[in-house]
Amino acid sequence: MLPSAGVYYFPWEINSSIPEGEALRTFGRLSCYDLSRSKAILSTQHGSAQHHVHVNTALVEPFEAQLGSLYVVLGEVEHREGESPVIKARILTCVEGMNVPLLEQAIQEQRKYFQERQERMESGTS
Amino acid sequence: MQSESKQDEEEIPSLLWGLDPVFSAFARLYIKDIKEMRESKQVPGTFDVEEKVLILIKDVLCLGIFFYNGHPVRQVDVVGIVVQTKEREAFHSYGVDDSTGVINCICWKNPMVAERSLSDCPSTPSSLKVLEQMKKFQEMLSQKIKLEIGDVIRVRGYVRTFRQQREIQSSCFYKVDDPVYDVQISRMLELPCLYREVYDKPFQSPGTGQSGLEGLDFLIQTLHEKVRDFLLENKIQTFYQQELEAVHSLVSLADGPKSSPSCQVNSGSESSSKRIHSVFKEAIKKLQEKGMVFQKPSTSKDLYHVTDHDKELLKVTLDVIKEDCRKPRHAEKGCHFLHVLSCVRQSYNPNLAEVVMQRVLELLESSSDIVSTMEGYYMAF
């Protein structure tokens, strides 16, 4: 069985409304890594707010944690009562040097295209 | 737009597939679309055989055709992250994720790398060097084709359905070095454009499409270009429409493709000549709109003057600019376009169109008789 596709999310879009088990990918700077509990945090500055994405790294260990570097994570969302959602990483890649604004633009372009196509289909069938 | 909505429609006959450029290209589709596109009824790509048999016939399995939005797709090109790996005796199966979908890619092991031993080659000093290079090359190659989860892969290959699962049988694949993600980002930026420009535009096979109006518009467009070239090449100063209609190369063009649906309504020589007449009229009108030809009230109303070869008009215009540039208020900036136009209208032709004036000024400028000092201002010396 193939896993489902890891859809792009912006770090600031990750919240409790994402369904449990949803496969997604997102990015951020590794600001904290707790080896003993397999926990990492990816942080991003968006506007005036700082966003933190919690990552469970149990499946991708051992890995060389470079604090302060950019990472892309692909995994499934897990919810726990009273806590912010955690991404159980299947893939965690260091992409230090990545052009983040360009990635954001690329994600927007892809979404825009699929949205246009959806609208076209709906207007075509109605 | 998508495969499902087209399900009921008839697919293009296989004879015409080659006319669609997508057919002979490696289509850069989203994995989601590769998994959802409709399989051709004429040449399906489903193979339900044992794996052993599959390996034996792998080289002839490049036959399945699929349809994305009416475009026949034979081969695809994907870039994505490896999210699953399985090893079999003869191939690796990689699950590739491009964020829209995940698909299995069958990547055959390369017997050249795996099996051929280099030890039985003769060992002269020069061949040793070659041998060393070969070894290095093989090492590099084996690194490029050995992939693990998390690696970025690029695969080109054929699409097929195997045990109800859509998969890509690779004809070429390699690990992409993408340390700062730029290969994937540029792909994400490229694909929406490709879809809008190519894949989402319907393929018009000959016979369908091209409504009568479009065909006629195209005819007028072509004819007006041909007439323009004819007038310029032969340095024609004035002409009547009937004269153009006597030029064989132009008439044969205006007669158009007889099989086109727009012409089938009219039959018989009389209506055909009428149609030719109206096509010429439209073409000349187009030339008038562009300022290439114009009419004078002083001459016959059917006579057309070619702007480029009307020496009198060129001279009048040049004189107006020359004279007015001597006046102190035009000395610095030159004359404005509207000023020149009104002067020429007064002294030469009250109905002179702006486009014609524009054309005349362009001609004078390109022959360096006048220069434009700024937008819309001209000066002569």
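Atom set for the values below is all heavy atoms of this structure, side chains included, hydrogens, waters and symmetry mates excluded. Convention: sequence-line order gives letters A, B, ...; per-chain numbering from 1. The shown structure was predicted, so the numbers you read here are calculated from the model rather than taken from an experiment.
Under the side chain to side chain donor-acceptor pair (under 3.5 Å) criterion, A:Glu83 pairs with no residue at all, not counting sequence neighbours.
Per-residue heavy-atom pair counts under 4.5 Å with chain A were compared for B:Val82, B:Thr100, B:Ile149, and the maximum is reached by B:Thr100. In terms of heavy-atom pairs under 4.5 Å with chain A, the best-connected choice from B:Val83, B:Leu189, B:Ile103, B:Asp97 is B:Asp97. Of all the listed residues (A:Ala106, A:Gly97, A:Cys94, A:Ser4), the one sharing the greatest number of non-hydrogen pairs under 4.5 Å with chain B is A:Ala106. For chain B, the option among A:Tyr113, A:Tyr8, A:Phe114 with the highest count of heavy-atom pairs below 4.5 Å is A:Tyr113.
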Kindly indicate, with the supporting measurements, whether the criterion salt bridge (charged side-chain N to carboxylate O under 4.0 Å, His left out) is fulfilled by A:Arg117 and B:Asp33.
CA-CA 12 Å; A:Arg117 190 158 97 174; B:Asp33 292 330; 2.7 Å; yes

Between B:Arg187 and B:Asp98, does a salt bridge (charged side-chain N to carboxylate O under 4.0 Å, His left out) hold up when you go through it step by step?
CA-CA 10 Å; B:Arg187 184 91 173 188; B:Asp98 76 342; over 6 Å; no

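A salt bridge links B:Glu148 with B:Lys146: the distance from a Lys NZ or Arg NE/NH1/NH2 to an Asp or Glu carboxylate oxygen falls below 4.0 Å. Between A:Arg80 and A:Glu78 there is a salt bridge, with a side-chain nitrogen of the basic residue lying less than 4.0 Å from a carboxylate oxygen of the acidic one. A:Glu13 has a carboxylate O that lies under 4.0 Å from a charged side-chain N of A:Arg111, or vice versa, which qualifies the two as a salt bridge. Salt bridge present: B:Lys109 and B:Glu87 bring a charged side-chain N and a carboxylate O closer than 4.0 Å.
Minimum heavy-atom separation, A:Gly6 to A:Arg25: O-NE, 2.8 Å. Pairing each heavy atom of B:Gly150 with each of A:Thr93, the nearest pair is O-OG1, 4.5 Å.
At distances below 3.5 Å, not a single donor-acceptor pair connects side-chain atoms of B:Arg156 with backbone N or O atoms of B:Asp77. Using a distance-only test at 3.5 Å, with no hydrogens or angles considered, a donor-acceptor pair links the side chain of B:Asn69 to the main chain of B:Asp200.
Between B:Phe67 and B:Trp17, the distance from one ring center to the other falls under 6.0 angstrom.
Inter-residue side-chain proximity for A:Leu30 and A:Ile41 is flagged as unmet; no heavy-atom pair is nearer than 4.5 Å. With a 4.5 Å cut-off on side-chain heavy atoms, A:Met98 and B:Ile185 count as touching. Side-chain atoms of B:Arg166 and B:Glu36, non-hydrogen and from C-beta on, never get closer than 4.5 Å to each other.
Neither the backbone nor the side chain of B:Asp182 has a heavy atom closer than 4.5 Å to any heavy atom of chain A. With a threshold of 4.5 angstrom between heavy atoms, B:Asn104 approaches chain A through its backbone and through its side chain. Heavy atoms of A:Glu116 lying under 4.5 Å from chain B belong exclusively to its side chain. Heavy atoms of A:Glu109 lying under 4.5 Å from chain B belong to its backbone as well as its side chain.
For residues 22-31 of chain B, the interface with chain A (any heavy-atom pair closer than 4.5 Å) comprises B:Tyr30, sorted by residue number. Contacts of residues 59-77 of chain A with chain B at a heavy-atom distance below 4.5 Å involve A:Val72, A:Leu74, listed in sequence order. Contacts between residues 43-53 of chain A and chain B, counted as heavy-atom pairs separated by less than 4.5 Å, involve no residue at all.
No donor-acceptor contact under 3.5 angstrom links the side chains of A:Asn15 and A:Tyr9, judged on distance only. Side-chain polar atoms of B:Tyr94 and B:Asp151 form no donor-acceptor pair below 3.5 angstrom.
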